[in-house]
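As the structure lists them, so they are numbered: ligands from 1, and atoms in each ligand from 1. None of these values were measured; they are calculated from a predicted model.
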Amino acid sequence: MKESNKEIYQPGERGSTPSATGNGDKWSESLQSFFELALQNQGPERTAQLLEDFGEKLRSAPRPNPKLTTAYINTISPASQAPYPGNRDLERRIKSIIRWNAMAMVVKANSNTNVGGHISSYASSATLYEVAFNHFFRGHTDAFPGDIVYFQGHAAPGMYARAFMEGRLTEQQLQNFRQELAEGGGLSSYPHPYLMPGFWQFPTVSMGLGPILSLYQARFNRYLQARGLVAWKEEPKVWAFLGDGESDEPESLGAISLAARENLDNIIWVINCNLQRLDGPVRGNGKIIQELEGLFRGAGWNVIKVIWGTDWDDLLRRDKTGLLIQRMNECVDGDYQKYIVEPGSYTRKHFFGKYPELLELVNHLSDEQISKLLRGGHDARKMYAAYKSATEHKGQPTVILAKTVKGYGLGEAGEGKNISHQQKKMNEKELREFRARFNIPISDDVIADTPFYQPPADSPEIKYLLKQRRQLGGFLPARIFQPVTLDVPKPDHFTEFYRGSAREVSTTMAFGRLLSILLQHKGISKNIVPIIPDEARTFGLDTLFREIGIYSPKGQLYEPVDRNTLSYYHESKDGQILEEGISEAGSMSSFIAAGTSYATHGVPMIPFYIYYSMFGLQRVGDLFWLAGDIRARGFVLGATAGRTTLNGEGLQHQDGHSVLLAGTVPTCLPYDPAFGYELAVIVADGLRRMFVEHEDIYYYLSLYNENHPMPPMPEGVEEGILKGLYKFKAGPMGLGIKAHIFGSGSIMQSALKAQQILAERYGVFADVWSATSYKLLRNDALRCQTWNMLHPTQPPKKSYVEELLQNEKGAFVAVSDNVRTVPDQIAPWVPGGLLTLGTDGFGRSDTRARLRRHFGIDAESTVIATLYALSEKGLVKPAVVEQAIKDLGVNPDKAQPQLA
Ligand SMILES: Cc1ncc(C[n+]2csc(CCOP(=O)(O)OP(=O)(O)O)c2C)c(N)n1
Ligand SMILES: [Mg+2]
């Protein structure tokens, strides 16, 4: 390499045109004369287009320094634009009716409630969607899983209005937009599969999540094919519709290089560039389309800009000076927004008027005609050509940057205005204008009620709309699937865990063993998807590299440096592991793609996503929330859990609250197991619930890295493990004072040691309980409490925790490596109250022993807490507690963990 470079770039040649053939100047001259000839004969517009076309070819050829942005004109020239195959007139009528109903839905809902909604986002994107609905989106059929479409959340009214026209939603449902608890039910504000499970497939409204999910979904589709789990005759396309403001979210652009790297030509992004977000312009002082073009091109995407509508083709063709493109290039988005809200005379003066030649170019147009010069995203012909080109493009993902007007058609009510996003109401005058502009047959006497309009079933509009959908396989969005049951391992498959082991291991190691057993189980081995963001070695899972391989669409093009070791870094085309690199958001997106594969593809997959717990929920919590909404199934494993168990890494690594955060996701079951057998019981039951009973839940499991002996499973504790609490080790029987210690995770070891000290030194006979899930105990208790409250004269129901503890005497103490709020969750139902110990406050780097003393969760602190709880009940004297503090060497005036 170095040698050949030397040959080409001889020192003396610097500055001259380097060329492999040595006749660079001749080429340059030829190009120059070609350029001049083209300019003379074809005019500047055509010449510019020719150069663009050459540029396009050049871009796909490898070269060291690609030019990342092109002129501010459409990527597809009029000459290479595919002709429009549909009935444009009818499609326009259909679109107008959908526009009206989408607007009416929001206006109606807000005429007598304050439920909100958005008019202007769909108003700007109606053409983007309608062209795709009429000509591109393929629905679910027996032979085809359907294209996967991420609709922009704020455009939901448009999707409802279309489904209404398709006869899939009733007027009553439209009437109840955003009033889901109203009689007869309503429509959810945004795409929420949890709320409308037969309709929506992919939640999108938390901006940035739809985009990143779509990338990993497209990648997961390839993974399923590579592993032979699906065999599609045609591959589904993944479409994602984004706002231009949304592109500012790190999740939106953070993973685009993945799509290019893995040649995901099954994904198409459509960014609705209306140049506005909620408060104002996305890039008032620049051009968002140009900025995005550079970013995507740089990342290796195929970029199609749709900036100008057909009306502009003529102007561009007639401009022989090149000034029109120059003017287009020099205006910033702030200017372009002004041209929308001001009359045509303003655009004439300020846009065209900058150069006399351009003024002349529009002499034949009235001000009104100037004001109606369309942006590309409102021109079905331009959008069709872009979609066609995108769907046929090979080897790269495609992004379409479509320029539109926010609030298009709202006129004075908000078209292109900064307040447009928030517009939810329209007065009668504005409604009349809207009706006239889109020619909706609604009479004056009812217009103030904004009635919905539905053409008769035999109208050309309805017939056409249904015919197009039939041809494309069916309606969309629609969440359609047949549940497939997996042959999951029965509980007796895990006897090895129930027997325990004298060898000291951590729950993380136990999980590694469990996973390898599952990977050998015939019924589910293929369905397992291990997902790891670059921590496999930390968790001892690197042996899986060789055993099941790391998925890579390119296979392994190099010999790995550790090829001669047992667990070498083995990439392969059909590898099973998704090794995500350092991207928790990407990993969680893969978890969601895999965890919803049962619905998206009718192929249940079982993701096990294992990661550094601190960098999970608190980092990408919104994706965990979405995993609930989208009804994902699977296991997430927060490894290296515990604010003191992970000891040396300090404040930013030590997690003592993920299990609490996991509990906030309604469909997530958080567990904090202490032993290998607990883990096995939970995973076995989870497999049954999710893949046999088809429950839309997922599991959060804390895993620790502290080694300790794994005891055998006591008799009959399975139910308690699953419900959240069981007696693990009763204290010595006798006349001593009774107490109870709830332990979880690694800190169970403190509880057990405390039990011993209490018995030996203080005559307190404590039972040790394993608390596997405080959240599940609490949920059960809350259910009973609410029922009792609403059925006051009937015999009260008792929750599991109340029943379990009702006959237990003495004081109750809970200790864990989490913040105290975790065990506090059940305090109201513990007889006589619960004293909790935990790791509130920031972590520190130190030894486990010192950290546990610092937070007051070691065995000695647990002894003191138990004695104190007993003294509060008058069961021991305060002096005994004081003596214990001295005996056990605890500093009574030690600094408290810092709390605000
Ligand atoms: C993560 C997130 N932050 C904030 C919001 C609130 N929000 C809703 S829409 C919007 C502006 C959207 O602008 P853009 O993406 O350009 O979409 P447009 O409506 O213009 O098509 C904002 C800030 C949100 N939905 N999600
Ligand atoms: Mg926008």
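Excluding waters, the protein N/O/S atoms found under 2.8 Å from the Mg ion (ligand 2) are D244 OD1, N274 OD1, Q276 O.
Salt-bridge formation is not detected for the pair D244/R277: no Lys NZ or Arg NE/NH1/NH2 atom is positioned less than 4.0 Å from an Asp or Glu carboxylate oxygen.
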Would Y122 and Y408 satisfy side-chain contact (heavy atoms from CB on, under 4.5 Å), going step by step from the backbone distance to the final call?
CA-CA 9 Å; Y122 180 71; Y408 181 77; over 6 Å; no

Working for ring pair (Phe, Tyr, Trp, His ring centres under 6.0 Å), residues Y700 and Y698
CA-CA 7 Å; Y700 177 87; Y698 71 96; 8.8 Å; no

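For residues 330-343, the set of pairs meeting the salt bridge (charged side-chain N to carboxylate O under 4.0 Å, His left out) definition, not counting sequence neighbours, comprises R327-E330, E330-K354, K338-E342.
Within 4.0 Å of ligand 1, counting heavy atoms only, the contacting residues are S121, Q152, H154, V205, S206, M207, G243, D244, G245, E246, E249, N272, N274, Q276, R277, L278, K406, H421.
Ring centers of W269 and W239: at least 6.0 Å apart, outside the cut-off. Checked against the 6.0 Å centroid threshold, F591 and Y216 do not count as a close aromatic pair. Ring-centre distance between F615 and Y612: below the 6.0 Å cut-off. In this structure, F151 has its ring center at least 6.0 angstrom away from the ring center of F202.
Remark: D147 engages R138 in a salt bridge (Lys or Arg N to Asp or Glu O under 4.0 Å) (not counting sequence neighbours).
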